[in-house]
Number of protein chains: 2
Amino acid sequence: MSSSYKGQTLKRVLVTGGLGYIGSHVVVSLLLTGRYLPIVIDNCHNAYPEALKRCAEIARDEMGPDAPQPELHQIDLRNPEDIEAVFAKYDSQEGGIWAVVHLAALKAVGESGEIPLTYYKVNVGGSISLLESMEKHNVKNFVFSSSATVYGTPKIIPIPESSPVQPESSYGRTKGMVEAIMHDACLAEVTRLGEGALRAVSVRYFNPAGAHPSGKLGEEPMGRPGNLLPLLAQMASGRVKSDLKVFGNDYPTPDGTCVRDYLHVMDLAEGHVLALDALDKSKSEPGIFAPVDPKKDGYFRAFNLGKGKGMSVLNMIDAMHKASGFDYKYEIVGRRLGDVPELTADPTLAEKELGFVAKRNLEEMCTDLWRFQTANPNGYRS
Amino acid sequence: MSSSYKGQTLKRVLVTGGLGYIGSHVVVSLLLTGRYLPIVIDNCHNAYPEALKRCAEIARDEMGPDAPQPELHQIDLRNPEDIEAVFAKYDSQEGGIWAVVHLAALKAVGESGEIPLTYYKVNVGGSISLLESMEKHNVKNFVFSSSATVYGTPKIIPIPESSPVQPESSYGRTKGMVEAIMHDACLAEVTRLGEGALRAVSVRYFNPAGAHPSGKLGEEPMGRPGNLLPLLAQMASGRVKSDLKVFGNDYPTPDGTCVRDYLHVMDLAEGHVLALDALDKSKSEPGIFAPVDPKKDGYFRAFNLGKGKGMSVLNMIDAMHKASGFDYKYEIVGRRLGDVPELTADPTLAEKELGFVAKRNLEEMCTDLWRFQTANPNGYRS
């Protein structure tokens, strides 16, 4: 199997959870660079292999028939021997696996409080097994899908990366724990291997929304959407008949509803490519590791990926009304337990060090989402 | 196999790591109650099956020939299917497994920084699998072996349980993570099962030392002892030829050397029995869960197990000199990275709620240790 494009050797990037909402957009972004070849791991728990076909289709549309083709391994991170087999397979191929982008995880905050052991097993246990295989197979670049939930209820808004990690849900704790584990793994490797040690970036997501502009790739939650934007899209298309509830309009925010930092999923996906590029560059110049003392902290950094701009629930309903034309009726109900008034990123560190800017605007986000919804009224099962 | 003693049905208690230093003393303490039957799990990574024979011997010496006999399953917590098989085995026997005392763990702070992934896999991954099996087999009482290291460098000495959990080593982080995971598991079960939910106690050890007074059971580290007291004992017996280094004598303590809270291992072991008794009692009266709101926090408590009295390195050398007659030569060298001047427990909560008092004194601790050392000059391999 070829691992080059236009004469350039591609670097293999293992993307766990690569069929998911964010994962599939990361896969497309990697393909479109013409420099990275995504190898996808997914257990299809909340995702469809169809997503990968769409990724390949977008790549061919934009790059021509010799576009790189992603590969899929349908395995579960709870089976360490299956992870091992994937790494072993590429050991024999030139370049092996160059990096891992680790997105596979259970992600529903509410559910995490109901079945915490499953969340810890999958999110924490799976990450430990993955890092063990990386160590064994000498894979030294790691990008981890973390979350703004690690900040819990932060004291400073917009939130800088220096805010303490003190998550308030089981889901958030799984993310905080994996950050601590990978940080320890990075430090241990510096002691043993010096500059050849594991290098890792944790990217802390704010609220990704929208879809690839082609209309071919988007969010496809199983069951009733848990997040606001997919719910609004499915309501507008008639796929979901639902009451729209707004939880609280008496928060200390401009219109009284909760404010979140929504960023376009393609911006978020490209943030992962920037993180990989930064890891690559860091071998020849201090780059993102200039501010840290590797002997004390290992090659480990964490970055917010957000827009740095807050949008309220009512802002989002209004924007989706403009994109879809649907006349949303909503009911204001009481505040929801655990919701904080405002969560927006301080995005300056990621801009300065990764060159990351979430440049797509709210209108684009809603238009792209609506395009995906109308082109795929029943998602990937259409 | 009988599970009664003098007509009383015994409650089966699964003791993970039951062949280890603390584990074997817990097993003896459980046997001597005549109420609990220890079922031991151990992978013999740093322990010997001989320890269990000694436990049974002590029980027969003290209780007669019909003393309860512990059972051993030599398995590794990294294999969830092996854990499952043990639980399944007792499902078919009356009473099944009533409680789990979970001590199995890797425990060397220094090593944890060198091979953190192995520590997370064994200590955190193993605990998740164990808790999953408990949930599946309806085992609702849990005592977890935690550590004073979860406090990191505490602001208040003596340390109350309300000190923040902010460990400073990979080992300490594994303990802090398991506490968080079990806490979440307790809360989730309250929501689902109400009063029938998992009840858990985390016991945070200070510095256990000494041995069972029979001279049959003690600490048997593989290789050169990493802890002060076993090293002093092995030096006195001639088993180890070693320089004795005291790391720093310029700390702000009475004699300038580090102060720790040493407690007799039999006091510590009996603390586990008190924790099980408290869990048992809590079914009929609020007991240790009176101060918590189960709907908010689950049935979860953490207690320090310490003496509440600090002893310096030089105090301990002097006490072991008195017990063994050995004339220790030591050299004062520089401070060791990561050592804090003083770590002593505030033991009032455990005394008030569990009735726990570390009553054995320093002399007893050293005499018992020396008795074990002279009776077993080469440990369990004698």
Side-chain angles (χ1 to χ4, degrees), chain A residues 77-81 109-136 142 164-174 176-193 198 295-296 298 300 337-338, chain B residues 77-81 109-136 142 164-174 176-193 198 295-296 298 300 337-338:
Chain A
L77 287 187
R78 277 168 291 195
N79 301 322
E81 60 282 7
V109 172
E111 185 185 57
S112 77
E114 292 160 18
I115 50 167
L117 293 175
T118 308
Y119 271 68
Y120 287 113
K121 185 84 159 200
V122 173
N123 294 11
V124 179
S127 299
I128 295 170
S129 299
L130 188 64
L131 286 163
E132 283 191 319
S133 284
M134 287 179 65
E135 186 177 311
K136 192 169 162 191
F142 190 58
V165 171
Q166 40 193 23
E168 290 167 5
S169 66
S170 299
Y171 168 73
R173 276 186 280 280
T174 68
M177 287 180 191
V178 175
E179 285 200 6
I181 292 168
M182 63 197 266
H183 194 163
D184 281 358
C186 288
L187 182 56
E189 288 213 358
V190 166
T191 310
R192 206 165 57 245
L193 304 172
L198 176 65
K295 282 182 187 151
K296 252 184 67 188
F300 171 82
L337 195 73
Chain B
L77 287 186
R78 276 168 290 194
N79 301 322
E81 61 282 8
V109 172
E111 185 186 57
S112 77
E114 293 159 18
I115 50 168
L117 293 174
T118 307
Y119 271 69
Y120 287 113
K121 184 84 159 198
V122 173
N123 294 11
V124 179
S127 299
I128 296 169
S129 299
L130 188 64
L131 286 163
E132 282 190 321
S133 284
M134 287 180 64
E135 185 177 310
K136 191 168 164 194
F142 189 59
V165 170
Q166 41 193 23
E168 291 167 3
S169 67
S170 299
Y171 167 73
R173 276 186 279 280
T174 68
M177 287 180 190
V178 175
E179 285 200 6
I181 291 168
M182 63 195 267
H183 195 162
D184 281 358
C186 288
L187 183 56
E189 288 213 358
V190 166
T191 311
R192 205 163 60 244
L193 304 171
L198 176 65
K295 283 181 187 150
K296 252 184 66 188
F300 172 82
L337 196 73

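Quantities reported herein were computed from a predicted structural model and do not represent experimental measurements. Residue numbers begin at 1 in each chain, while the letters A, B, ... track the order of the sequences.
Looking at A:Ser129, the atoms closer than 4.5 Å to chain B (heavy atoms on both sides) sit in the backbone and in the side chain alike. Of the two parts of B:Ser170, the backbone and the side chain both hold a non-hydrogen atom closer than 4.5 Å to a non-hydrogen atom of chain A. Only the backbone of B:Glu114 comes within less than 4.5 Å of a heavy atom in chain A; its side chain stays farther off.
For A:Tyr171, there are no ring pair (Phe, Tyr, Trp, His ring centres under 6.0 Å) partners at least two apart in sequence or on another chain.
The residue among B:Asp184, B:Ile128, B:Thr118 with the most heavy atom pairs within less than 4.5 Å of chain A is B:Asp184. Taking A:Pro116, A:Pro80, A:Ser112 one by one and counting their heavy-atom pairs under 4.5 Å with chain B, the maximum is reached by A:Pro116. The choice from A:Leu131, A:Leu187, A:Thr174, A:Ile115 that makes the most heavy-atom pairs within less than 4.5 Å of chain B is A:Leu131.
Between A:Met177 and B:Ile181, the closest side-chain pair of non-hydrogen atoms falls below 4.5 Å. Between B:Leu198 and B:Met182, the closest side-chain pair of non-hydrogen atoms is not below 4.5 Å. Side-chain contact check for A:Glu135 versus B:Leu117: some heavy-atom pair is nearer than 4.5 Å.
Note that the NZ atom of A:Lys136 and the CE atom of A:Met134 stand 14.5 Å from one another [nearest 0.5 Å]. To the nearest 0.5 Å, atoms CD (A:Gln166) and CZ (A:Arg173) are separated by 11.5 Å.
Residues of residues 119-127 of chain A that come closer than 4.5 Å to chain B, counting heavy atoms only, are A:Tyr120, A:Lys121, A:Val124, ordered by residue number.
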